[in-house]
Amino acid sequence: TARPSPSGDAAEAVGSTNDSYDWVYLSDGGHFENLGLYEMVLRRCHYIVLSDAGADPKYSFEDLGNAIRKIRTDLGVPIDVKETFMQPRSADSLMREGKYFTIAKIRYTAVDGPEAEDGFLIYLKPGCYKDQWFPRDVYNYALESPDFPHESTSNQFFSESQFESYRALGRHVVNEMCGNYLPTGPITKPIAKEFKDVSEFAGLIERAAAAAASLPPAEVIASAILQ
């Protein structure tokens, strides 16, 4: 049975706990690294799809920067992020040009040697960008809430329209990312059923990006899916 322990709290505060300590300090990990990327790199995961849903209205990438810094310092593994086209909303609430995701190389070879295989990171971050199929209901909510989609996470009581706007934006991001929109209409097939696991999905993006790095990622992925 879980119960508070003053002595356990004190031991945690001074950093004297370890894996053989009588008490376990259980938390969501946000006090150390908010994305969970550190543990995945520690386990040498090869394909990682990371959705950064932390409140970051200024797009300072605090959580991503903290994770990359800790991983390089503690584990010696550099993470090279390709240029991003992610930016905050404009002052007049109109949507700018931008991209919802970028890719990065996790350089396991820097620590494990040339025989190791580097990892591949797909980093997603919610935003409001100008594109053809941006959901109109999400656009309406965005105009009503200037902080969307980076409203304070201290609000744990979302309204129905607020919750649905985040869900619909997430669906739209994945559809854009996978090239699931075609000129003849919006959704053509449920993209989630196209991949048996994360590695197959990430592998498609990795191959497509390597084959045509100069093209917009969504166009490259759409072309690969339709082949």
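Values in this document were obtained by computation on a predicted structure and should not be read as measured data.
Pairs passing the salt bridge (Lys or Arg N to Asp or Glu O under 4.0 Å) check and including a residue from residues 60-76, sequence neighbours excluded, do not occur. Pairs engaging residues 126-135 under the salt bridge (Lys or Arg N to Asp or Glu O under 4.0 Å) rule: none recorded [sequence neighbours left out].
Judged as a side-chain hydrogen bond (donor to acceptor under 3.5 Å, both in side chains), and not counting sequence neighbours, Tyr108 has no contacts. Under the rule for a side-chain hydrogen bond (donor to acceptor under 3.5 Å, both in side chains), Asp147 has no partner lying at least two apart in sequence or in another chain. In this structure Glu117 satisfies the side-chain contact (heavy atoms from CB on, under 4.5 Å) test together with His46, sequence neighbours excluded. The salt bridge (Lys or Arg N to Asp or Glu O under 4.0 Å) test applied to Arg44 returns Asp112, not counting sequence neighbours. Judged as a side-chain hydrogen bond (donor to acceptor under 3.5 Å, both in side chains), and not counting sequence neighbours, the contacts of Asp56 are Ser60, Lys125. Looking at residues two or more places apart in sequence or on another chain, you find a side-chain contact (heavy atoms from CB on, under 4.5 Å) between Ser159 and Ser161, Gln162. For Leu42, the side-chain contact (heavy atoms from CB on, under 4.5 Å) partners are Glu39, Leu75, not counting sequence neighbours. Applying the side-chain contact (heavy atoms from CB on, under 4.5 Å) criterion to Pro135, with sequence neighbours excluded, gives Asp137, Val138, His172. Taking Phe61 as the reference, nothing meets the ring pair (Phe, Tyr, Trp, His ring centres under 6.0 Å) condition, with sequence neighbours excluded. In this view, Arg167 and Glu164 satisfy the side-chain hydrogen bond (donor to acceptor under 3.5 Å, both in side chains) rule, not counting sequence neighbours.
The distance from atom CD1 of Ile48 to atom CG of Leu121, rounded to the nearest 0.5 Å, is 6.0 Å. Atoms CG and CG, on Asp52 and Leu35 in that order, are 5.0 Å from each other to the nearest 0.5 Å. Here Ile71 contributes atom CD1 and Tyr38 contributes atom OH; the two are 8.0 Å apart, rounded to the nearest 0.5 Å. Rounded to the nearest 0.5 angstrom, Cys128 SG and Tyr100 OH are separated by 7.0 Å.
Residues Glu200 and Tyr47 have side chains not in contact (no heavy-atom distance under 4.5 Å, counting atoms from C-beta outward). By the 4.5 Å heavy-atom criterion applied to side chains, Pro88 and Lys58 are not counted as neighbours. Under the 4.5 Å side-chain criterion, counting only non-hydrogen atoms from C-beta, Leu50 is in contact with Tyr123.
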Could you give me the CA-CA distance, side-chain angles and deciding distance for Phe134 and Leu169, then say whether side-chain contact (heavy atoms from CB on, under 4.5 Å) is met? CA-CA 8 Å; Phe134 194 89; Leu169 176 61; 3.9 Å; yes
Take Glu151 and Tyr166, measure what side-chain contact (heavy atoms from CB on, under 4.5 Å) needs, and give me the verdict at the end. CA-CA 10 Å; Glu151 296 168 300; Tyr166 278 96; 2.8 Å; yes
Assess the residue pair Asn34 and Asn66 against the criterion (side-chain contact (heavy atoms from CB on, under 4.5 Å)); give the C-alpha distance rounded to whole Å, side-chain angles, the decisive distance to 0.1 Å, and a yes or no. CA-CA 9 Å; Asn34 206 35; Asn66 176 57; over 6 Å; no
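What you find for Leu37 and Ala67 is that their closest heavy atoms are CD2-CB, 4.2 Å. Of all non-hydrogen atoms in Ala55 and Ser152, the two that sit nearest each other are CB-CA, 4.4 Å. Counting all heavy atoms, side chain and backbone alike, Ser90 lies closest to Arg96 at CB-NE, 3.4 Å. Scanning both residues, His150 and Gly54, for their nearest heavy atoms gives ND1-O, 3.3 Å. In this structure, Thr102 and Glu83 approach most closely via the heavy-atom pair OG1-O, 3.2 Å.
Between Tyr129 and Phe85, the distance separating the two ring centers is not shorter than 6.0 angstrom.
Linking ILVMFWY side-chain heavy atoms closer than 4.5 Å, directly or via other members, places Phe163 and Val173 in a single hydrophobic cluster.
Looking only at distances, no side-chain donor or acceptor of Gln87 sits under 3.5 Å from a matching main-chain atom of Gly127.
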